[in-house]
2 protein chains.
Amino acid sequence: MLDAGLHLLADQNLASLGVREVTREAGLSPAAFYRHFPDLAALGVALVEESLASLHVMIRSVLAEAGDAEELIDRAVDVIRRHVREHRPHVRFLARERHGGVRRVREAIDAELGRFAAEVGAALALQPVSRGWSEQDLRMLAELYVDHMVSTASAFLEAQEADPDRERRIAATARLQLRLISLGRRHWRGN
Amino acid sequence: MLDAGLHLLADQNLASLGVREVTREAGLSPAAFYRHFPDLAALGVALVEESLASLHVMIRSVLAEAGDAEELIDRAVDVIRRHVREHRPHVRFLARERHGGVRRVREAIDAELGRFAAEVGAALALQPVSRGWSEQDLRMLAELYVDHMVSTASAFLEAQEADPDRERRIAATARLQLRLISLGRRHWRGN
DNA sequence: GAACTCGGTGAACATTTGTCAACCGAAATC
DNA sequence: GATTTCGGTTGACAAATGTTCACCGAGTTC
């Protein structure tokens with residue numbers, strides 16, 4: 001049933017999805033839906049959790065790597081690209097519903113992205129470049145990174161629909177941007 | 001009719017909007033809709049244009065200002081906050097439909113954001129800090145700024161629903177982030 | 001003054017929808 | 001071996017939907 005929903009949400013959004021539509025796609029009778037979810041919103045929340053599980057794995061794999069800044073940037077962008085490629089439906093769902101019409105789903109996504117930012121912040125604190133940084137500064141940097149990741153993922157999403165060259169350009173741009181941020185980081189407060 | 005649509009899209013998204021719903025809100029008969037638009041998508045595109053007109057004005061007003069980097073950042077963030085406050089329905093609409101379920105609307109928004117980036121890029125090229133920057137570098141910086149603006153506007157959108165304190169925190173974070181970017185900019189390629 | 005366009009109405013069409021109650025077989029529990 | 005739970009079905013209900021057609025009054029144009 002979740003798969004059916006996800007498949008339909010490829011070119012629709014949650015608010016315009018219908019119970020009957022989902023069950024039809026899943027090959028079940030309409031009433032069967034209510035055996036699993038009370039609401040369509042509930043199905044949405046379930047999809048959020050499913051989607052974020054894989055995202056979580058991705059983020060950790062980026063944070064865990066070691067190497068100099070350049071290598072790290074290259075790998076981060078690459079991981080994002082691969083992730084979008086391999087989980088396109090999930091990523092599309094998240095992008096679409098992040099500001100979508102269903103409050104509960106929006107809140108679930110936002111809360112989870114906030115948790116990601118916290119995790120990234122904790123990882124940043126461990127790097128030597130961050131010595132002397134305040135909590136607030138770390139947090140804002142983490143949010144900048146997360147926002148940038150989201151933007152990049154969205155861009156990949158639209159690009160990969162067809163254009164393999166545009167995908168390369170997006171990756172190049174993202175790397176440059178991360179390099180600039182990393183530069184600003186090294187010179188923060190005259191460090 | 002546009003106003004009616006915009007009002008309904010406060011807690012719905014375009015794909016789930018109905019012709020009858022719009023006309024009912026506008027106080028007209030269902031058939032009247034087809035006198036103005038062939039489609040609901042067409043109404044969406046019209047709303048995009050309406051929304052982007054005000055956005056355009058905002059961006060120009062930021063770019064036109066002069067002053068040192070700090071002042072510029074403060075004013076930019078302030079303009080964004082004010083804009084979200086005064087045009088909340090339009091901004092909400094853009095955020096929601098940017099990755100929404102209606103292709104034509106999505107494309108219209110993306111094309112226009114691209115044009116914004118070009119405009120920002122042109123303005124950046126005139127600043128002395130950008131001497132020696134390649135076209136590509138300018139473009140990536142412009143996109144970074146535009147993406148950041150979009151993220152910030154989205155954040156304001158959610159915050160202003162109720163919480164006036166959270167709004168101040170978001171503004172503070174945005175300023176820090178812009179400051180960091182501006183720092184990276186000054187040290188780009190060892191300038 | 002006649003003709004035409006513009007923006008509006010009302011009624012009708014088949015279609016789709018959400019939701020529920022009653023029922024049912026199989027598997028798990030006791 | 002009886003009973004309960006689980007996940008499924010059928011069928012029905014009123015309600016809402018997109019779209020079209022014929023019609024109409026008020027301005028505008030000729």
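Per chain, numbering begins at 1; letters A, B, ... match sequence-line order.
Rounded to an integer number of Å, the gap from CG of Asp39(B) to P of dT19(D) is 7 Å. We find that CG of Leu17(A) is positioned 13 Å from C1' of dG18(C), with the value rounded to whole Å. Nucleotide dA16(D) holds its P atom 16 Å from the CD atom of Glu25(B), rounded to whole Å. The distance between atom CE of Met1(A) and atom P of dC6(D), rounded to the nearest whole Å, is 16 Å. Residue Leu40(B) contributes atom CG, which lies 9 Å from atom C1' of dG18(D) at whole-angstrom precision. Distance CD (Gln12(B)) to C1' (dA16(D)): 14 Å, rounded to an integer number of Å. To the nearest angstrom, P of dG10(C) lies 19 Å from CZ of Phe33(B). A straight line from CZ of Phe37(B) to C1' of dG7(C) spans 13 Å, rounded to a whole angstrom.
Annotation for Glu65(A): atom CD counts as buried by contact number, over 12 foreign heavy atoms lying within 6.0 Å.
Taking both residues in full, the closest heavy atoms of Leu9(B) and Arg92(B) are given as O-CD, 4.5 Å, listed atom of the first, atom of the second, then distance. Among all heavy-atom pairs drawn from Arg96(B) and Ala10(B), the shortest one is NH1-O, 3.1 Å.
Under the 4.0 Å criterion applied to side-chain N and carboxylate O atoms, Arg175(B) and Glu70(B) are not assigned as salt-bridge partners. Note on Arg106(B) versus Glu97(B): no salt bridge recorded, every NZ/NE/NH1/NH2 to OD/OE distance being 4.0 Å or above.
Taking only side-chain nitrogens and oxygens, Arg20(B) never comes nearer than 4.0 Å to OP1 or OP2 of dA15(D). For dC20(C), the OP1/OP2 oxygens have no side-chain nitrogen or oxygen of Tyr34(A) closer than 4.0 Å. A sub-4.0 Å separation between OP1 or OP2 of dG18(C) and a side-chain N or O of Arg24(A) is absent.
In this structure, of dT19(D), dT10(D), dT9(C), it is dT9(C) that holds the atom nearest to the side chain of Ser29(B). Which of dG7(C), dT9(D), dT19(C) sits closest to the side chain of His36(B) comes down to dG7(C). Among dG10(C), dG7(D), dT9(D), the nucleotide with an atom closest to any side-chain atom of Ala31(B) is dG10(C).
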